[in-house]
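This report refers to the structure that appears directly beneath it.
So you know, we letter chains A, B, ... as the sequences are listed, proteins then strands, and number each from 1. Below, each value reflects all heavy atoms present in this structure, side chains not excepted, and no hydrogens, waters or symmetry copies.
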There are 2 protein chains.
Amino acid sequence: MNTVERIEAGEDVTTRQGEVLDAVLSLLVEGAALTMSAVARRASCSKETLYKWFGDRDGLLRATVQWQASRVRAGNYERQKLDATALRESLEQFAANWLSVITSRTSIALNRVAIADAGSGKSNLGAIVLENGRFAIGERLKPLLEDAREAGLLHFDDAEEAFRTFFGLAGRDVQIRALLGETLVLSKQDIARDAALVTRQFFALYGASQLPVKAG
Amino acid sequence: MNTVERIEAGEDVTTRQGEVLDAVLSLLVEGAALTMSAVARRASCSKETLYKWFGDRDGLLRATVQWQASRVRAGNYERQKLDATALRESLEQFAANWLSVITSRTSIALNRVAIADAGSGKSNLGAIVLENGRFAIGERLKPLLEDAREAGLLHFDDAEEAFRTFFGLAGRDVQIRALLGETLVLSKQDIARDAALVTRQFFALYGASQLPVKAG
DNA sequence: AAAGCACCGTACCGTACGTTACGGTTCGGT
DNA sequence: ACCGAACCGTAACGTACGGTACGGTGCTTT
């Protein structure tokens, strides 16, 4: 079980183990039933190895979620002196990145298993996904918002609330529609346009040059 | 299978069948494993009857989703001459209603099974839920927005886009967090405050005039 | 070269669950 | 009173799948 714990930490994954986890991801993305036998077949490994490395089916799922999370983790935002243009570009980038993540087949598949799991309460996949998705982007975006406030570009009392507004403006109904099976095809242009719109709207609400909407 | 089709239409559900579907809902809400045996036990009916009425497990799920949907369907918005105050109240009501729906245990449970189902592609529960959730509220809210534009209270080109903005501002990260297992407790006051904030923000983006401020 | 190890492939076991079958009971119609 | 339909409770069947055991193979170490 020590192996399991190392993997649960989301690191020290050997290349071979990474191949196995990629096999899991490929099965998930295909919507195929995720049986241990199917994983072993797809990864060309034995079930015995799966159990040795990951403990049980649940551990395999956890490892997969963290494997994908560790890969998605983008570089952190670098605190900097901001001007309005740099802020706008950063916000657009955040929005575009988030939109492309939540519409990716991998993200959709992983969120599906995590949500199903959260229902049965077996494991804590939901918490892991939440931690690496919604909360991770929050922790990355809030420093930007605070720097922008520091620079007098934005106006808000609560960074968390401002972030949640940005999150809502960016995500809208996209994620729930994707999760519920609607096939949304967002081209690069669609995403760029939406990201620009979101950013404009966010500026309208929290930009210092505009009249800020104050929180109740 | 004719029985199944009648039930798929979401109507002609006898009281006894409704009791069975309520049993399904209660099991779902509890997060219990939804086996046919468990349903039969909970509903005090025989499995044979379940299969006779609903065809198979999938049909039972479909019937349950539509059963709940038909019950949630609120009264339609009545087109009316709007003033700013009536508009604000209507929007706040929409937002508050939506927030309380998506945080209700029933909605969360139902969305979970629909999302899990959408992954395996077995049935079309996802489409049904989407139709009765996100799209239903869209069709109910858009007439209000258009009346408001007619009355010169709102400015927008595309009612769909305006609605999606409202949807995003209202929902934010609430639904995904709930689906992923975070237990959000929103009191009446929380919801009312959020609904007011959302409405203020929406007015800031699309309002043609100054938002009338609620007293207190 | 020999031994040990990590792993693959596969057969196997136990259980859970969807589905079917059947005997017993209630009840409305004749 | 009798019949049949509808339904309940439960037993039984088949299968899918999580988990385990085991023989075979190639690679590393000594």
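Nearest heavy-atom pair, B/F166 versus B/L141, reported as atom, atom and distance to 0.1 Å: CD2-CD2, 3.3 Å.
Listed by first then second residue, pairs satisfying salt bridge (charged side-chain N to carboxylate O under 4.0 Å, His left out) with a partner in residues 99-114 of chain A number zero, not counting sequence neighbours. For residues 29-38 of chain B, every residue pair satisfying the side-chain hydrogen bond (donor to acceptor under 3.5 Å, both in side chains) rule, not counting sequence neighbours, is listed here: B/E30-B/R42, B/S37-B/K47.
Legend: residues meeting side chain to side chain contact (heavy atoms under 4.5 Å, CB included) with B/A148, ordered by chain and number and at least two apart, are B/L82, B/L87, B/L153, B/L154.
Atom-to-atom distance recorded for B/T49:OG1 and B/Q17:CD is 10.0 Å, nearest 0.5 angstrom. Taking CG of A/D158 as the start and NZ of A/K142 as the end, the distance is 8.0 Å to the nearest 0.5 Å.
The aromatic rings of B/W98 and B/F167 sit tilted, their planes meeting at an angle between 30° and 60°.
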Seminar exercise, completed: Its contact letters, B for base, S for sugar-phosphate only and - for none at protein heavy atoms under 4.0 Å, make nucleotides 23-29 of chain C read -------
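Atom CD of A/E182 has more than 12 heavy atoms from other residues, nucleotides or ligands within 6.0 Å.
For the pair A/D22/A/S26, no side-chain contact is recorded, criterion being any heavy-atom separation below 4.5 Å from C-beta on. At least one side-chain heavy atom of B/E161 sits less than 4.5 Å from a side-chain heavy atom of A/L197.
An OP1 or OP2 oxygen of C/dA6 is reached within less than 4.0 angstrom by no side-chain nitrogen or oxygen of A/W53. A close approach under 4.0 Å does occur between a side-chain nitrogen or oxygen of A/R16 and OP1 or OP2 of C/dC8.
When rounded to the nearest whole Å, the span between OH of A/Y51 and C1' of C/dC13 equals 13 Å. Put simply, NZ on B/K47 is 8 Å from P on C/dG18, counting in whole angstrom units. For A/L50 and C/dA6, the CG to C1' distance is 14 Å, given to the nearest whole Å.
On the nucleic acid side, DNA chain D has its first and last nucleotide under 4.0 Å of a heavy atom of chain A at D/dC17 to D/dC22, going 5' to 3'.
Residues from residues 29-46 of chain B with heavy atoms under 4.0 angstrom of DNA chain D, sorted by number: B/S44, B/C45, B/S46.
For the pair A/N111 (side chain) and A/S107 (backbone), a donor-acceptor distance under 3.5 Å is present.
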